[in-house]
Amino acid sequence: MTRGRRLALVLLLLLPAAASCGDVLFRLGRRFPDSRGALDGIWAGDQFEFLHRTRLALGRFSLVLVAEKDRGEEWCDLVSAGATFEDSIRNVRATAGWLRSKLGSGLILSHPSGWSGAPGMEAKPPALASKLEPASSAGCSDAEPLTGAGVSFRAGRFSFLAIGASSHIDPSGEGLHRTESELAAEGSVREDLLGFRTVTGCWGLGAAAADDPRGGWSRIGLDFDGRLAGVELRAEAAIGFQGSEMSEAFWGCIHERLDAVRFCVGVFRHPDDFPSRRSALPIGMDCDAGAGAAFVWKPGAGWTAEGSVTSALRREASRGSAELSIEKRMTPAFDMGIRFRGTTRDEEDSFRLLGSSSWRPAGGVVLSTAVQRTGAGRSSSGTGAEARLKILLDGELTVRVAAAGFVTDDYDSRVYFGELSFPGDFGSVQQWGEGFYLQAAVACPVGGGSSISGRMGYLRKGSVESIGEGSDETDGPSRLDATLQFQSVI
C-alpha cells in the first residue's frame with residue numbers, strides 16, 4: 001500500500017469523530033465457489049469484495065473518502081478522497097481530490113463518461129450544468145480517475161467553473177488490478193486536463209483539452225437553454241480536435257410539458273471521429289445524423305403511456321430503435337403494464353417484450369411479477385419469468401425475495417432481471433442459456449440512524465461445467481454471491 005493510500009486510510013478512521021454530520025458505509029462480499037484466478041494463483045488478492053465510504057460535513061467543508069477492492073485485488077486497492085469548500089456569501093465553491101465533473105450535457109467534458117452507450121430519446125431532455133464535486137463511488141475513480149482541483153463562482157450575470165487535473169489512469173480502462181500485468185500497468189498513463197464553462201442567461205460556453213501518451217484532444221462548444229419562437233429549446237454544439245483531425249457533434253431538443261402530456265423532439269450528430277474520451281453521449285446514438293422523439297402521456301383514470309423512436313444514419317448502415325410502454329392502475333392496490341422495445345442495427349433486428357404486474361394486498365407487502373420474451377435476428381430467442389416479494393415487518397425489518405427462470409438460445413437473446421440491491425443502489429443482471437436465479441435480501445435498522453443489510457444471489461445453469469470466463473470462471477453449474485452492509489448516519 002502506497003504512502004498516499006495509508007494517509008487516506010487513516011483519515012477514513014479518524015475524521016468521522018470530528019464531523020458535525022454525514023454517513024459511513026461498510027460493505028463486504030464474497031463469491032462461492034472460488035474463481036479460477038484464485039485457484040490457479042493468478043490473482044494477487046483474495047476472493048472478498050470490499051467497499052467503504054465516508055461522507056462528512058465540517059462547517060463549510062465537506063469531505064468524501066472511499067476505499068474499495070474487487071475480487072482478486074489486494075485490500076484497499078483503491079483509496080480516494082475529495083473535499084469541497086463552499087462560501088455561500090461570496091458564491092465561491094472550491095473542490096479538490098478525486099473528482100466527478102460535467103460541463104454542459106457532458107459532450108464537452110464528462111467524468112465518468114458514457115460515450116459507449118446509446119441513451120436514445122426521453123421525454124425529458126438532457127440537463128445542462130456546470131458540475132464539479134468529489135467522487136463518491138468507486139466506479140468513478142477506479143479505472144480512469146480524474147484527480148485535480150477546480151473552482152466555481154459568480155460575477156454579476158456570469159457564472160464560471162474552471163478545472164485542472166493531472167491523473168494517472170489505466171491504459172485498459174477496466175480498473176482491475178489482480179494479475180501481474182494489471183498491477184504493472186496501474187496508473188501508467190498520465191493525463192493532464194484543463195476545462196472551463198461559463199454561463200450567462202440562456203447561453204453557455206465550455207471547453208476542455210487533455211494530453212496523454214495516447215494522443216491529445218480538445219473540444220469547445222456552445223449551449224442554449226430557453227424559449228425560442230415560443231417553444232422550449234435545449235441544444236449544444238461542439239467542435240472536437242484530435243491530432244490533425246477536426247469533427248463536430250451536436251444535439252438539439254424542442255420540449256414541452258402540458259397538462260397530461262410531456263414530449264421531446266430532437267436531432268443529433270455524434271460521429272465516430274469525434275474525440276470521445278472524457279465525453280458523454282447525451283441523446284440518441286453514435287451516428288452521422290439522427291433524429292428522435294419521445295413522450296409521456298397520462299390521459300387519466302390510472303393510465304400512463306410512454307414511447308420513443310430514434311433513427312440514426314451512418315456511412316455503413318442505418319440504426320434505429322422504438323420503445324412503447326403502457327401501464328394501468330387497475331385498483332389502488334394493483335398495477336399492470338406492458339413494455340416493448342425493438343432495435344435494428346447493421347441489418348440485425350432484436351426485440352424485448354415485457355409484461356409486469358404489482359399487487360399490494362396489505363400494508364407493507366408487495367408482490368411483483370414479470371414475463372419477458374426476447375429475440376435477435378431470425379434464429380435466436382429467449383424467455384424469462386420473475387416473481388418478487390417484499391414484506392415490511394413491524395414497520396422496520398424489510399425482507400425481499402425473488403425467483404427467476406430463463407431459457408435463451410444464446411447471449412444475443414439474453415434476458416434481464418432486477419437485482420435486489422441495497423437501499424440507494426440500482427442494478428440489473430443479464431442471463432442467458434438455461435437456468436434459474438434466486439435472490440434474498442434483508443434490511444434491519446439497529447437504532448441511532450444505523451442499519452444492517454444483507455443480500456445473496458444463487459445462480460444455477462443447466463448443461464454447463466462452469467460459469468463465467470477467464471480468471472472469473474467458477475467450476476460447476478452453480479455459484480453463490482453474498483454481501484453484508486453496515487451504514488450509519490453521523
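These values consider heavy atoms only, across backbone and side chains, with no hydrogens, waters or symmetry-generated copies. Every value quoted in this text rests on a predicted model; they were computed, and no experiment measured them. Along the sequence shown, the residues carry numbers beginning at 1.
You'll find the side chain of Pro171 reaches within 4.5 Å of the side chain of Ser188, heavy atoms only. At least one side-chain heavy atom of Arg93 sits under 4.5 Å from a side-chain heavy atom of Ser152. When side chains are defined from C-beta on, Arg219 counts as touching Pro275, because their heavy atoms get closer than 4.5 Å. With contacts defined as side-chain heavy-atom distances shorter than 4.5 Å, the pair Tyr437/Val429 qualifies. Side chains of Leu78 and Ser141 form a contact here, defined as non-hydrogen atoms less than 4.5 Å apart. Side chains of Leu51 and Glu49 form no contact here, defined as non-hydrogen atoms less than 4.5 Å apart. At least one side-chain heavy atom of Leu193 sits less than 4.5 Å from a side-chain heavy atom of Leu109. Under the 4.5 Å side-chain criterion, counting only non-hydrogen atoms from C-beta, Ser62 is not in contact with Val64.
A pairwise comparison of heavy atoms in Ile108 and Ala238 identifies CD1-CB, 3.7 Å as the closest pair. Minimum interatomic distance between Thr369 and Ser357 (heavy atoms only, all atoms of both residues): OG1-OG, 2.5 Å. Taking all atoms of both residues into account, the shortest heavy-atom contact from Ala208 to Trp217 is O-CZ3, 3.7 Å. Scanning all heavy atoms of the two residues, the minimum distance from Ser471 to Ser35 falls at O-CB, 3.5 Å. Contact between Leu397 and Cys444 at its shortest, heavy atoms only, is CD1-CB, 3.6 Å. Between Arg455 and Ser421, the closest heavy-atom pair is NH1-CA, 3.4 Å.
Look at Arg277 and Asp212 and you find a salt bridge, because one of the NZ, NE, NH1 or NH2 atoms lies within 4.0 Å of a carboxylate O, short of that distance. For the pair Arg178 and Glu73, the salt-bridge criterion is not met [side-chain N within less than 4.0 Å of a carboxylate O]. Taking a cutoff of 4.0 Å between a charged side-chain nitrogen and a carboxylate oxygen, Asp286 and Arg314 qualify as a salt bridge. Of the charged side-chain nitrogens involved, none lies within less than 4.0 Å of a carboxylate oxygen, so that Arg315 and Asp272 do not count as a salt-bridged pair. The existence of a salt bridge linking Lys69 and Glu74 is excluded, since no basic side-chain nitrogen approaches an acidic carboxylate oxygen closer than 4.0 Å.
Without hydrogens or angle criteria, Ser101 side chain to Lys131 main chain gives a donor-acceptor distance under 3.5 Å. Formation of a donor-acceptor pair under 3.5 Å by the Asp40 side chain with backbone atoms of Ile42 is not found in this model. Counting only distance, with no hydrogens or angles, the side chain of Ser450 and the backbone of Ser488 share no donor-acceptor pair below 3.5 Å. The main-chain N or O of Glu248 is found under 3.5 Å from a side-chain atom of Arg269 such that the two form a donor-acceptor pair. Put simply, the side chain of Ser167 gets close to the backbone of Pro145: a donor and an acceptor are under 3.5 Å apart.
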Would you check, one step at a time, whether the test side chain to side chain donor-acceptor pair (under 3.5 Å) holds for Ser381 with Ser413? CA-CA 5 Å; Ser381 61; Ser413 56; 5.9 Å; no

Would Glu323 and Thr310 count as a side-chain contact (heavy atoms from CB on, under 4.5 Å) here? Give the steps. CA-CA 9 Å; Glu323 186 170 350; Thr310 306; over 6 Å; no

Worked check of side-chain contact (heavy atoms from CB on, under 4.5 Å) between Arg197 and Leu128: CA-CA 11 Å; Arg197 184 170 186 259; Leu128 296 169; 3.9 Å; yes

As a quick check of understanding, evaluate side chain to side chain donor-acceptor pair (under 3.5 Å) for Ser380 and Asp410, giving each step before the final call. CA-CA 7 Å; Ser380 179; Asp410 49 35; 2.5 Å; yes

Give the C-alpha distance, both sets of side-chain angles, the deciding distance and a yes or no for side-chain contact (heavy atoms from CB on, under 4.5 Å) between Val371 and Leu354. CA-CA 6 Å; Val371 178; Leu354 174 69; over 6 Å; no

Start with the C-alpha distance between Ser105 and Trp251, add both sets of side-chain angles, then the distance that settles side chain to side chain donor-acceptor pair (under 3.5 Å), and finish with yes or no. CA-CA 10 Å; Ser105 66; Trp251 64 270; 3.1 Å; yes

Between Leu25 and Phe486, is the side-chain contact (heavy atoms from CB on, under 4.5 Å) condition met? List the steps. CA-CA 6 Å; Leu25 179 146; Phe486 172 78; over 6 Å; no

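Between Asp170 and His177, the side chains place a donor N or O and an acceptor N or O closer than 3.5 Å (distance only, hydrogens not considered). Thr344 and Asp349 share a donor-acceptor pair across their side chains, judged by distance under 3.5 Å alone. At a cut-off of 3.5 Å, with distance as the only test, a side-chain donor of Asp192 or Ser166 sits close to an acceptor on the other residue. Between the side chains of Glu473 and Ser466, at least one donor N or O lies within less than 3.5 Å of an accepting N or O. For the residue pair Ser350 and Thr343, a side-chain donor N or O sits within less than 3.5 Å of a side-chain acceptor on the partner. A donor-acceptor contact under 3.5 angstrom links the side chains of Arg278 and His111, judged on distance only. For the residue pair Ser247/Asp273, the side-chain donor-acceptor check at 3.5 Å is satisfied. Side-chain contact check for Arg373 and Thr383: at least one donor-acceptor pair (N or O, by modelled atom type) lies under 3.5 Å. Inspection of the Arg30 and Gln47 side chains reveals no N or O donor paired with an N or O acceptor under 3.5 Å.
Of the inter-residue distances, the one linking Arg36 atom CZ with Thr474 atom OG1 reads 9.5 Å to the nearest 0.5 angstrom. Between the CD atom of Glu68 and the CG atom of Asp142 there is a distance of 5.0 Å, given to the nearest 0.5 Å. Expressed to the nearest 0.5 Å, how far OG of Ser279 lies from CZ of Phe274 amounts to 5.5 Å. Rounding to the nearest 0.5 angstrom, the gap separating the CZ atom in Arg71 from the CZ atom in Arg31 is 4.0 Å. To the nearest 0.5 Å, atom CG of residue Asp481 and atom CE of residue Met456 are 9.0 Å apart. Rounded to the nearest 0.5 Å, atoms CG (Asp288) and NE2 (His270) are 11.5 Å apart.
By the 6.0 Å and 45° rule, Arg460 does not stack over the aromatic ring of Phe436.
Ring geometry, Trp432 versus Tyr411: the interplanar angle exceeds 60°, so the pair is classed perpendicular (tilted spans 30 to 60°).
For the pairing with Lys461, the side-chain contact (heavy atoms from CB on, under 4.5 Å) check across Glu434, Gln431, Arg479 returns one residue only, Gln431.
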